[in-house]
A.B. asks: 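Below are the structure tokens for one structure; questions will follow.
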Amino acid sequence: MALELFNTLSGKIEPLFASDGRALRFYCCGPTVYDYGHIGNFRTFLHVDALRRTARLNGLGLHHVMNITDVDDKIIRNAAAAGQPIGEYCAKYERAFFEDMDALGIERPEQIARATENIDGMVSLIERLAAQDIAYKAEDGSWYFRIARFPGYGKLSKKDLHGMEDGARVDLDEYEKDAARDFALWKAAKPGEASWETPLGPGRPGWHIECSAMAMKYLGESFDLHAGGEDLMFPHHENEIAQSEAASHKPFARHWFHVRFLLVEGKKMSKSEGNFFTLRDLLLKGYRASAIRFLLLSVPYRHQLNFTFDGLTESTNAVDRLRTFNDRIRTGNWPDAAPADATLTNLIRKGDTDFTAALSNDLNTAEARAAIFDVLRAVNTAADHSRLTRFDAEETLALLNKFDSIFAVLEDRDAELTRTALAWAESEGRLDEADPSLLTTLSFSDADIDALVAERTLAKTQRNFARADAIRNELLEKGILLEDSKDGVRWKRK
RNA sequence: GGCGCGGUACCCAAGUGGUAAGGGAGAGGUCUGCAAAACCUUUAUGCGUCGGUUCGAUCCCGACCCGCGCCUCCA
């Protein structure tokens, strides 16, 4: 089954394909690097990551471009407040952004494009529009896009602007525009703000122009897919289409992918509600990066996800179960005997088919997840009854490998990532925000734990269960859980 | 006001015109020195409410109630 995806532009689910027959050329609106990324940002990037990985699973090559917005109003304001040049200010948050992406297992795009490194392309795009009188210069030196000259305006967000009143919301310092809906392509320089000397006059880019210019530079005037959060649909993406198509007279992106906003504890995330969380906030509270990734991916991208701490705990447990299962199948010594019958093999293969089909069906990550748990239970049951063969174990591992090529949660990097977050908090003087129990748990090194486990094993062989249980309880209090099994003792951090 | 989305068990959450996936949690059991893990059993005659279409609706249509999003350079 070919990969099909909802297309905001057509309002339908359509096959996703590479128009050049080789690589999927797509653009994703990246972050404005004025602060640390929050979980809403990462929900979007995580689903774009799942899309990347699913496309690859379907045999598509990838040419993925993501922008970094490193000049805008918020950046200028914050950098000024910090007494830093915007370049220096942005570099810090860009670095943090990629650290967070790595922590969440989000793959890097093939191409990163910074706005400030692509001013030339934006200027020439505006010049192309000016040559057609679609871009015009206002008295203050800013350039605007004349929406009346682009008949398709509103086709993405399904807005009919004819009925809208001009001037309903006119910003006081934008009174020079010809029409209220006309948007800025180029903002005239203001004293004390970053600006570039260009043929358009001194100034800086408007918000939308960077994505048009950089998408066309790296992907061509027409390309396969454009992605972003649902809020970007209007006005950002609508304006991108207008600018790009008015200049090139060609269709811009064929397919549009929008990820819905998440709710946090039932409400829209906002600083004033007190439910605003960065990734780093959650790591310091003791939640694992893998659980955050799994939770954010567990609800399909077109549905609203209600992000809660209970949900995070559930996801932690679910990931644990998957890891325990993976370890069991990987390390077990399964007999070479031929399977008694094909029942289990067929079940595993059905899981494989269901998994791929679910993802191909508009990236239904919830169903894909369920397919894996179906196999997990069946294989565990077989293993419990000594009916699991090496053949079926290997089939299972292949499926787990496929699962992890999308979900990427099986490898346990959590303690290491949390340590990194703690080190960051310390360097920022924010260690007081960390959950105290985290510090005690992580204060035990793996070697410390192994030593105590060895001592307990010795006590057990001497049937000194009191001592053995004392050690186990001591570790449990520090958040370290022991599991005895036929093949020895395993431990894990809670 | 305009456009759009959603209401499924204790919680999260798929899904289909033909009789309710999966995860988490709880309870009981098997196993174990005891735990843990794993497995088994169990938790919706029911899918917001009321009508309609149909042999048959959670799924289609209509109305209503509730929640939410966009229309504000918030992903």
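First the proteins, then the strands, lettered A, B, ... as listed; each starts at 1.
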A.B. asks: Quick one: the dot-bracket string of RNA chain B, using Watson-Crick and G-U wobble pairs with both distances under 3.5 Å, [ ] for crossing pairs and | for bases paired to another strand.
C.D. replies: (((((((..(((.....[...)))((((((.......))))))....(((((..]....))))))))))))....
A.B. asks: Expressed in whole Å, how much space separates the P atoms belonging to B:rU54 and B:rU16?
C.D. replies: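 Straight-line distance between the two P atoms is 24 Å.
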A.B. asks: Under 4.0 Å between any heavy atoms, over every strand shown, what does A:Lys74 touch: base, sugar-phosphate, or nothing? Just pick one.
C.D. replies: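 Sugar-phosphate, no base atom in range.
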A.B. asks: If the test is side chain to side chain donor-acceptor pair (under 3.5 Å), which one of A:Thr365, A:Asp362, A:Thr44 qualifies with A:Tyr301?
C.D. replies: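 The single option meeting the side chain to side chain donor-acceptor pair (under 3.5 Å) with A:Tyr301 is A:Asp362.
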A.B. asks: Mind checking the P distance from B:rC50 to B:rC12? Whole angstroms is fine.
C.D. replies: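 Each nucleotide's P atom is 22 Å from the other's.
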A.B. asks: Distance between the P atoms of B:rG24 and B:rU53, in whole angstroms?
C.D. replies: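 Looking at atom P only, B:rG24 and B:rU53 are 44 Å apart.
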A.B. asks: Under 5.5 Å between ring centres and under 30° between planes: does that hold for A:Phe261 against the base of B:rA75?
C.D. replies: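 According to the criterion (under 5.5 Å, under 30°), yes, A:Phe261 stacks.
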A.B. asks: Closest nucleotide of RNA chain B for A:Asn380 versus for A:Leu305: which of these residues is on the 5' side?
C.D. replies: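 Counting from the 5' end, the first nearest nucleotide belongs to A:Leu305.
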A.B. asks: Mind checking A:Leu475 for me? I need base, sugar-phosphate or nothing, with any heavy atom below 4.0 Å counting as a touch.
C.D. replies: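 The residue A:Leu475 makes no contact with any strand.
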A.B. asks: With side chain to side chain donor-acceptor pair (under 3.5 Å) as the test, pick out the partner of A:Lys350 among A:Thr353, A:Asn346, A:Asp352, A:Asp354.
C.D. replies: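 That would be A:Asp354; it is the only one of A:Thr353, A:Asn346, A:Asp352, A:Asp354 passing the side chain to side chain donor-acceptor pair (under 3.5 Å) with A:Lys350.
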A.B. asks: Hey, does A:Asn317 reach any base, or is it just sugar-phosphate, or nothing, if we go heavy atoms under 4.0 Å?
C.D. replies: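 Contact class for A:Asn317: sugar-phosphate only.
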A.B. asks: Hey, which of A:His237, A:Glu230, A:His47, A:Arg302 is the one that makes side chain to side chain donor-acceptor pair (under 3.5 Å) with A:His258?
C.D. replies: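 Exactly one pass, corresponding to A:His237.
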A.B. asks: Side chain of A:Glu367 only, heavy atoms from C-beta on: which candidate in B:rC71, B:rC68, B:rA14 is closest?
C.D. replies: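 Closest of the options to the side chain of A:Glu367: B:rA14.
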A.B. asks: Which residues satisfy the ring-ring contact (aromatic ring centres under 6.0 Å, His included) test with A:Phe307, sequence neighbours excluded?
C.D. replies: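 In terms of ring-ring contact (aromatic ring centres under 6.0 Å, His included), with neighbours along the sequence ignored, A:Phe307 is linked to no residue.
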A.B. asks: Among B:rC39, B:rA13, B:rC74, which nucleotide sits nearest the side chain of A:Asp384?
C.D. replies: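 For A:Asp384, the side-chain atoms sit closest to B:rC39.
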A.B. asks: Considering residues, nucleotides and ligands other than A:Lys158, do more than 12 of their heavy atoms fall under 6.0 Å from its NZ?
C.D. replies: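 Yes, because the 6.0 Å sphere around NZ of A:Lys158 holds more than 12 heavy atoms from other groups.
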A.B. asks: A:Phe465 on top of B:rG33's base, within under 5.5 Å and under 30°?
C.D. replies: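 Yes, A:Phe465 stacks on the base of B:rG33, since the ring centres sit under 5.5 Å apart and the planes are within 30°.
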